[in-house]
Trainee: 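What follows is a structure written as structure tokens; I'll ask about it next.
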Amino acid sequence: SIVAGGSSNLIWASTNATSCSASGGWTGTKTTNGTQSVFPTSNTTYTITCTGAGGTSAPQSVTVTVTLMSDLVVTAFSVPNGLTGQALTASVTVQNIGAVSTGAGFEVALNLSASTMVCFGANNGIVSTGALASGATLTVSIPITLPLVAGTYSAVAMADSNCEIFVYKKFANLYAN
């Protein structure tokens, strides 16, 4: 079993065979012992049959199961400038570019920091959403409070604040006066 976009290695070996042929998800003549990487986009069965002095083997098959996934990306976000300690509303747009729905809801979070942020850390604002269909886009409003210390801040928006679904990050400057 693989995740969509992944690969699987097919490995085969024969004894006393002089030739092998493939069918199903792959075709053509194969060596009597070998390995081949395959990149199926859906569930695919691969079959190999070998022939030698003793005759033809029974076909041997394996099915590679492909699990389709959702894939969330932050396509846009904005954080307004404001005064220190001021409550504001940020906007974050998320798109599911994956092959299937997220199935369940997820969280959209926004982090503010005086230094470059990574995915983990305290969320300054977070909103829970419902499921998002494949190809669908969702824009959420996230209430935040600006830091109490004036300065330039970076903002990082992400879908799923636990970083289980890692997303594209964009940075924006934010001034607390």
Side-chain angles (χ1 to χ4, degrees), residues 1-10 25-26 35-46 62-177:
S1 182
I2 63 170
V3 174
S7 67
S8 182
N9 289 323
L10 305 179
W26 58 343
T35 302
Q36 183 172 332
S37 293
V38 293
F39 303 85
T41 56
S42 61
N43 296 347
T44 305
T45 299
Y46 299 88
V62 64
T63 299
V64 177
T65 303
V66 178
T67 303
L68 301 176
M69 302 291 290
S70 58
D71 186 7
L72 299 175
V73 293
V74 174
T75 57
F77 79 90
S78 64
V79 179
N81 291 330
L83 302 175
T84 57
Q86 183 178 3
L88 299 172
T89 301
S91 173
V92 178
T93 301
V94 177
Q95 183 178 14
N96 180 0
I97 61 172
V100 296
S101 168
T102 57
F106 58 95
E107 295 177 332
V108 179
L110 189 69
N111 289 341
L112 303 177
S113 173
S115 61
T116 301
M117 290 292 293
V118 293
C119 179
F120 298 101
N123 294 317
N124 297 98
I126 192 165
V127 170
S128 294
T129 72
L132 190 60
S134 175
T137 299
L138 173 70
T139 300
V140 296
S141 296
I142 300 177
I144 62 169
T145 300
L146 295 182
L148 296 175
V149 177
T152 301
Y153 290 82
S154 294
V156 179
M158 70 197 86
D160 189 348
S161 62
N162 292 324
C163 297
E164 292 168 8
I165 304 172
F166 187 74
V167 297
Y168 179 73
K169 297 182 284 188
K170 290 187 177 182
F171 294 88
N173 285 329
L174 166 69
Y175 299 94
N177 299 316

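All values derive from a computational prediction rather than experimental measurement.
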Trainee: If every non-hydrogen atom of Pro80 is compared with every non-hydrogen atom of Thr89, which pair is closest and at what distance?
Mentor: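 Shortest heavy-atom contact: CD-O, 3.5 Å.
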Trainee: Val66 and side-chain contact (heavy atoms from CB on, under 4.5 Å): which partner among Thr41, Thr44, Asn43?
Mentor: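 Only match with Val66 under side-chain contact (heavy atoms from CB on, under 4.5 Å): Asn43.
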Trainee: Could you walk me through whether Thr102 and Leu72 pass side-chain contact (heavy atoms from CB on, under 4.5 Å), step by step?
Mentor: CA-CA 8 Å; Thr102 57; Leu72 299 175; 3.8 Å; yes
Trainee: Who are the side-chain contact (heavy atoms from CB on, under 4.5 Å) partners of Ser128, not counting sequence neighbours?
Mentor: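 Only Glu107 meet the side-chain contact (heavy atoms from CB on, under 4.5 Å) criterion with Ser128.
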Trainee: Restricting to side-chain contact (heavy atoms from CB on, under 4.5 Å), what partner residues turn up for Val62, sequence neighbours left out?
Mentor: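 With neighbours one apart ignored, the set is Leu10, Tyr46.
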Trainee: May I ask you to check whether Ser78 and Ser91 show a side-chain donor-acceptor distance below 3.5 Å?
Mentor: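 Their side chains do not contain a donor-acceptor pair, so the 3.5 Å distance test is not met.
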Trainee: Of all heavy-atom pairs between Val100 and Met69, which one has the smallest distance, and what is that distance?
Mentor: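 Scanning both residues completely, I find the closest heavy atoms to be CG2-C, 3.6 Å.
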Trainee: Nearest heavy-atom pair of Val64 and Pro40: which atoms, and what distance?
Mentor: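 Residues Val64 and Pro40, closest heavy atoms: CG1-CG, 3.9 Å.
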Trainee: Tell me if a side-chain donor or acceptor on Asp71 pairs with a main-chain N or O of Asn96 at a distance below 3.5 Å.
Mentor: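 Judged by distance alone, no pair lies under 3.5 Å.
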Trainee: Enumerate donor-acceptor pairs with a distance under 3.5 Å from any side-chain N or O in residues 130-151 to protein atoms, sequence neighbours excluded.
Mentor:
residue : atom : partner : partner atom : Å
Ser134  : OG   : Gly98   : O            : 2.6
Thr139  : OG1  : Thr93   : OG1          : 2.9

Trainee: Taking the side chain as every heavy atom from C-beta outward, state whether Ser7 and Val38 have any atom pair closer than 4.5 Å.
Mentor: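 Not in contact.
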Trainee: For Ser37, check side-chain contact (heavy atoms from CB on, under 4.5 Å) against everything at least two apart and list the hits.
Mentor: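 Applying side-chain contact (heavy atoms from CB on, under 4.5 Å) to Ser37 gives Asn9, Phe39.
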Trainee: Going by side-chain hydrogen bond (donor to acceptor under 3.5 Å, both in side chains), name the residues that satisfy it together with Thr129, two or more places apart in sequence or in a different chain.
Mentor: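 side-chain hydrogen bond (donor to acceptor under 3.5 Å, both in side chains) list for Thr129, sorted by chain: empty.
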Trainee: Are Val74 and Val92 close enough that some pair of their side-chain heavy atoms sits under 4.5 Å apart?
Mentor: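 Yes; the side chains approach each other to less than 4.5 Å.
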Trainee: Applying side-chain hydrogen bond (donor to acceptor under 3.5 Å, both in side chains), name anything that partners Gln36, two or more places apart in sequence or on another chain.
Mentor: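 Result, side-chain hydrogen bond (donor to acceptor under 3.5 Å, both in side chains) vs Gln36: Lys30.
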